[in-house]
Amino acid sequence: MSNVENGWKTPNLHLAEFLRSAVKQDDFPADGLPQIVFAGKSNVGKSSVINKLLGRKNFARVSAQPGKTIHINYFCIDKRMYLVDLPGYGYARVSKSEQQRWGVLMETYFTLDLLTLGIQIVDIRHKPTRDDVTMAEWFRASEKPWIIIANKLDKIKKSQVNSNLAEIRQTLLLPEEVPVIPFSAEKGIGREQVLELIFDHIRKDAK
């Protein structure tokens, strides 16, 4: 991946800082910087994916209690873009009131048109859950570009990959233009492809 292309320089991933945890609309940055939004089930390895993309080991918080905290984490990269970590969904022990708070927070975020690129993370080993389908509907309704990361590639046989990717695409009712990228947060497989897509959308957003 070229660091400079036609005068446009890719953001420096090493210049990453945690900005804030947002629990209400006033907490959302609205300064016009691109917002790359990550969503996924509580146990799908979302923090590990973000850490791998940034080349850091323990940057994004890996919670010991998945689904326990309902907030949106913002990470600022090179003062040029945000990685937006949505709260994990689908955790069975979360109370009804917490689920409702999650829904309100998501609805608030998505109605503000802050999203530049959506990244939904699913488990390549399993058929997407009903919650995964619901999250896909949020991204589809936003009418913004979005991609699927099929994480935990290192946990399945090579012979299973194509059929599992096809099942993900079919279950989530994905439009043709939404790519499904096999990914391993453990081994870094798919990292360059995802970063290329992120930078491509940021470059378009900057024009």
Side-chain angles (χ1 to χ4, degrees), residues 22 28 34-54 60-63 66-67 70-75 81-91 94 99 102-103 105-153 155-156 161 164-186 189-202 205:
F28 302 156
Q35 299 195 16
I36 311 302
V37 176
F38 291 79
K41 285 195 311 179
S42 296
N43 60 352
V44 79
K46 184 156 49 73
S47 294
S48 298
V49 168
I50 294 172
N51 286 332
K52 180 56 69 175
L53 290 173
L54 292 176
R61 300 169 182 175
V62 180
S63 173
I70 307 297
H71 53 218
I72 297 175
N73 286 329
Y74 280 87
F75 305 98
M81 68 174 184
Y82 295 113
L83 299 189
V84 184
D85 183 11
L86 299 184
Y89 55 80
Y91 190 60
V94 173
Q99 290 176 26
W102 184 93
L105 193 61
M106 292 304 94
E107 187 169 3
T108 303
Y109 181 84
F110 276 91
T111 54
L112 291 174
D113 197 32
L114 298 170
L115 170 68
T116 302
L117 173 68
I119 298 179
Q120 182 177 1
I121 304 168
V122 299
D123 190 329
I124 196 171
R125 299 173 298 177
H126 309 299
K127 180 178 179 178
T129 65
R130 185 182 301 174
D131 290 317
D132 288 324
V133 172
T134 299
M135 193 70 240
E137 289 170 356
W138 279 101
F139 280 123
R140 188 182 298 107
S142 76
E143 298 185 343
K144 294 295 182 73
W146 119 84
I147 68 175
I148 305 292
I149 285 180
N151 192 28
K152 307 195 179 183
L153 176 65
K155 307 290 187 189
I156 65 170
V161 173
N164 288 25
L165 293 177
E167 183 176 53
I168 290 168
R169 180 170 288 283
Q170 183 177 17
T171 305
L172 297 181
L173 303 174
L174 297 177
E176 282 185 21
E177 66 270 16
V178 176
V180 181
I181 300 169
F183 194 95
S184 170
E186 184 78 26
I189 301 167
R191 177 179 184 267
E192 292 302 312
Q193 189 178 356
V194 172
L195 287 176
E196 203 169 298
L197 285 167
I198 290 174
F199 293 147
D200 185 50
H201 284 285
I202 292 173
D205 196 65

Go through the steps to decide whether Asp132 and Thr171 satisfy the test side chain to side chain contact (heavy atoms under 4.5 Å, CB included), and finish with yes or no.
-> CA-CA 9 Å; Asp132 288 324; Thr171 305; over 6 Å; no
Using only atom types and a distance under 3.5 Å, with no angle test, would you say the side chain of [X] pairs donor to acceptor with the backbone of [Y]?
X	Y	answer
Arg191	Lys52	yes
Arg169	Asn164	no
Asn151	Ala185	yes
Asp131	Tyr89	no

Side-chain heavy atoms of [X] within contact of [Y], under 4.5 Å:
X	Y	value
Leu173	Arg140	yes
Pro87	Met106	yes
Ile189	Phe183	no
Val84	Phe28	no
Gln120	Ile148	yes
Met135	Leu86	yes
Leu165	Pro182	yes
Ile149	Val44	no

Pairwise distance [atom1]([X]) to [atom2]([Y]) - rounded to 0.5 angstrom:
X	Y	atom1	atom2	result
Trp102	Glu107	CH2	CD	11.0 Å
Leu197	Ile202	CG	CD1	11.0 Å
Ile181	Ile121	CD1	CD1	11.0 Å

Set of ring pair (Phe, Tyr, Trp, His ring centres under 6.0 Å) partners for Phe38, sequence neighbours left out =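 If we apply the ring pair (Phe, Tyr, Trp, His ring centres under 6.0 Å) test to Phe38, skipping adjacent residues, there are no hits.
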Lys144 bridged to Asp113 by N-O distance under 4.0 Å |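 Yes, Lys144 and Asp113 are salt-bridged.
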Do the side-chain N and O atoms of Tyr74 and Asp85 include a donor-acceptor pair separated by under 3.5 angstrom?
->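 No - no donor-acceptor pair under 3.5 Å links their side chains.
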Without hydrogens or angle criteria, can the side chains of Asn51 and Ser48 be said to hold a donor-acceptor pair below 3.5 Å?
->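 No.
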Could you walk me through whether Asp123 and Asn43 pass the side chain to side chain contact (heavy atoms under 4.5 Å, CB included) test, one step at a time?
-> CA-CA 9 Å; Asp123 190 329; Asn43 60 352; over 6 Å; no
Checking side chain to side chain contact (heavy atoms under 4.5 Å, CB included) for the pair Ile119/Ile36: CA distance, chi angles, key distance, verdict?
-> CA-CA 7 Å; Ile119 298 179; Ile36 311 302; 3.7 Å; yes
Please test Leu172 against Val180 for side chain to side chain contact (heavy atoms under 4.5 Å, CB included), starting from the C-alpha separation and ending with a verdict.
-> CA-CA 11 Å; Leu172 297 181; Val180 181; over 6 Å; no
Would Phe75 and Tyr82 count as a close aromatic pair, with their ring centres under 6.0 Å?
->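 Aromatic pair excluded; centres sit 6.0 Å or further apart.
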Parallel, tilted or perpendicular for Trp146 and Phe139, by the 30°/60° rule?
->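 If you compare the ring of Trp146 with that of Phe139, the planes turn out parallel.
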